[in-house]
Q: 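Quick one: the structure is below, and I'll ask about it shortly.
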Protein chains: 2
Amino acid sequence: MAFTYAYPHPAVAADIAVFTLRRGALHVLLIERAGEPFKGAWALPGGFLQPDEELDACARRELREETSVEAEVLVHFGNFSAPGRDPRERVISVAYLALLASDELRLAADTDAAQAQWFALDALPELAFDHATILQRALAALGARAREVQPLFALLPPRFTLSQLQGAYEAVIGEEVEKRNFRKMVATLACVRETEDFVHGAHRPARLYEPA
Amino acid sequence: MAFTYAYPHPAVAADIAVFTLRRGALHVLLIERAGEPFKGAWALPGGFLQPDEELDACARRELREETSVEAEVLVHFGNFSAPGRDPRERVISVAYLALLASDELRLAADTDAAQAQWFALDALPELAFDHATILQRALAALGARAREVQPLFALLPPRFTLSQLQGAYEAVIGEEVEKRNFRKMVATLACVRETEDFVHGAHRPARLYEPA
DNA sequence: CGACTTAGTGTCGTCAATACACAAAGATGG
DNA sequence: CCATCTTTGTGTATTGACGACACTAAGTCG
């Protein structure tokens, strides 16, 4: 016998915690389950790995299929393998984290995405499976990564004001920072380039920046 | 039909990169493959997930079975899912990193471990599967984590001198640091407690410390 | 055109990180 | 036993990041 691994194989799935910024607060994208188990409950988007598909590609595909969201950055932050976490059969879940600019949320407009919805982190519904745990871990991973400012660009439009960048930073790390200090930090990191354009709102126009 | 996932399931395995310190240099533990494929080649210890077994437990068990090494710390650092990475069938590999005190290497003495051997990182043999890639990623993950001194304790005996701790630190991050500065850093972190004992070598005795 | 609101800037104190040099303790060998 | 060698062990000065703090600039709205 060429291969001695006699045990049954588990199913392998990717689950994705997609975060965006709405009105300055982090929101997570959930889908309403159409079938059993946990029918009608909310869950992280995700699904099963296909033959000859890489895990990263699976996460990207499932996210697109279930929510019509195209993720730029997709980072793996952990596996979930507790026996019984899926009542149907053994499922190993490979968990990913993604960030999305608020602008790109055309969920309601998209037919496939009727069941997808953004939830503020302080107004979460009951989650299916062990997705509450996965979400907790996703937030921890996000906070750890946020000290580097680069990932935050994914939460913002291509060009943004420093106030927007600071808002994203504060939302992710969960505390406020002093404006002058934040700008000093950004200057030190040299991760943005100033443009010649300004955005005109209700008050003094703000200069637009772009990733360096 | 209660369950609509019609695709074949992949096999799931854990692979472990165990590092230790020998003569001041990092070494990795490899096993010689007894069967096809890659028979006779060296590989990271690892093996397939069993029913109702958590991934962490699988890594710990496989490591024990194949090398008789008991790992204290076992950290997940990535998944490897390229189709074709195992010629037999689709295998998703969940990769772990472990550190081991040099004292505990009783490999030769153990019957099961006849095929296990430590290799210096600059004298590696050809590795089976994509284990060279996995090892590269393990080293990167190790370097990233080493800034915190805590994990290094696993590389050292229960009580150690500051020179030993500094040696471990240097081996892991791959560069030398200044003695006074290193000691200042350790003092700031307050992660060790001094003992009343000294180790007597060929020269001035060095005070022993233990994790705080 | 006055009031309001947001954008944008500089200083100082503190603290961590870097560079650097010499004294203390014990072992060894003549 | 004394000189030499090797490793342990310590203090200071400088630099750059981080945190607190207050005002001016520019445009909108009424």
Q: With a 4.5 Å cut-off on side-chain heavy atoms, are B:Thr67 and B:Val18 touching?
A: no
Q: Which ones in residues 166-184 of chain A lie close to DNA chain D, meaning a heavy atom under 4.0 Å from one of its atoms?
A: A:Glu178, A:Arg180, A:Asn181, A:Lys184
Q: Name all residues meeting the salt bridge (Lys or Arg N to Asp or Glu O under 4.0 Å) criterion together with B:Glu178; count only those two or more places apart in sequence or in a different chain, and write none if there are none.
A: B:Arg180
Q: What string of B, S and - do you get for nucleotides 25-30 of chain C 5' to 3' if you count protein non-hydrogen atoms under 4.0 Å?
A: BBS---
Q: Any pair with a residue in residues 183-196 of chain B that passes salt bridge (Lys or Arg N to Asp or Glu O under 4.0 Å), sequence neighbours left out, goes on the list, sorted by first then second residue, please.
A: B:Arg193-B:Glu210, B:Glu194-B:Arg207
Q: So what does B:Thr161 touch, heavy atoms closer than 4.0 Å: a base, only the sugar-phosphate, or nothing?
A: nothing
Q: Which atom pairs, one a donor and one an acceptor, fall under 3.5 Å between side chains of residues 77-84 of chain A and the rest of the protein, sequence neighbours left out?
A:
unit_1  : atom_1 : unit_2  : atom_2 : d
A:Asn79 : OD1    : B:Asn79 : ND2    : 2.9
A:Asn79 : ND2    : B:His76 : NE2    : 3.2
A:Asn79 : ND2    : B:Asn79 : OD1    : 2.9
A:Ser81 : OG     : B:Glu54 : OE1    : 3.2
A:Ser81 : OG     : B:Leu55 : N      : 3.0

Q: According to side chain to side chain contact (heavy atoms under 4.5 Å, CB included), who are the partners of A:Leu124, at least two apart in sequence or on a separate chain?
A: A:Val28, A:Leu30, A:Phe119, A:Leu135
Q: Rounding to an integer number of Å, can you tell me how far B:Phe160 CZ sits from D:dT8 C1'?
A: 16 Å
Q: Which residue lies toward the 5' end of DNA chain D, B:Ala206 or A:Thr188, if each is placed at its nearest nucleotide?
A: B:Ala206
Q: To the nearest angstrom, how far is A:Leu162 atom CG from C:dG8 atom C1'?
A: 9 Å
Q: Hey, what bend do you get for the helix from C:dC1-D:dG30 to C:dG30-D:dC1 if you fit axes on five pairs at each end, rounded to 10°?
A: 0°
Q: Rounded to the Å, how far apart are A:Glu194 CD and C:dG8 C1'?
A: 12 Å
Q: With sequence neighbours excluded, what pairs up with B:Ala128 under the side chain to side chain contact (heavy atoms under 4.5 Å, CB included) test?
A: B:Arg33, B:Phe38, B:Ala41, B:Ala43
Q: Tell me every residue that passes salt bridge (Lys or Arg N to Asp or Glu O under 4.0 Å) with A:Arg159, counting only those two or more places apart in sequence or in another chain.
A: A:Asp197
Q: Taking only residues at least two apart or on different chains, which pairs with a member in residues 119-143 of chain A satisfy side-chain hydrogen bond (donor to acceptor under 3.5 Å, both in side chains)?
A: A:Arg85-A:Asp130
Q: What's the separation between atom CG in A:Leu121 and atom NE2 in A:His27, rounded to the nearest 0.5 Å?
A: 8.0 Å
Q: Using the salt bridge (Lys or Arg N to Asp or Glu O under 4.0 Å) criterion, which residues pair with B:Glu62? Sequence neighbours excluded.
A: none
Q: Name each donor-acceptor pair under 3.5 Å that joins a side chain in residues 170-177 of chain A to protein atoms two or more places apart or in another chain, with its distance.
A:
unit_1   : atom_1 : unit_2   : atom_2 : d
A:Glu170 : OE2    : A:Gln166 : NE2    : 3.2
A:Glu170 : OE2    : A:Val177 : N      : 3.0

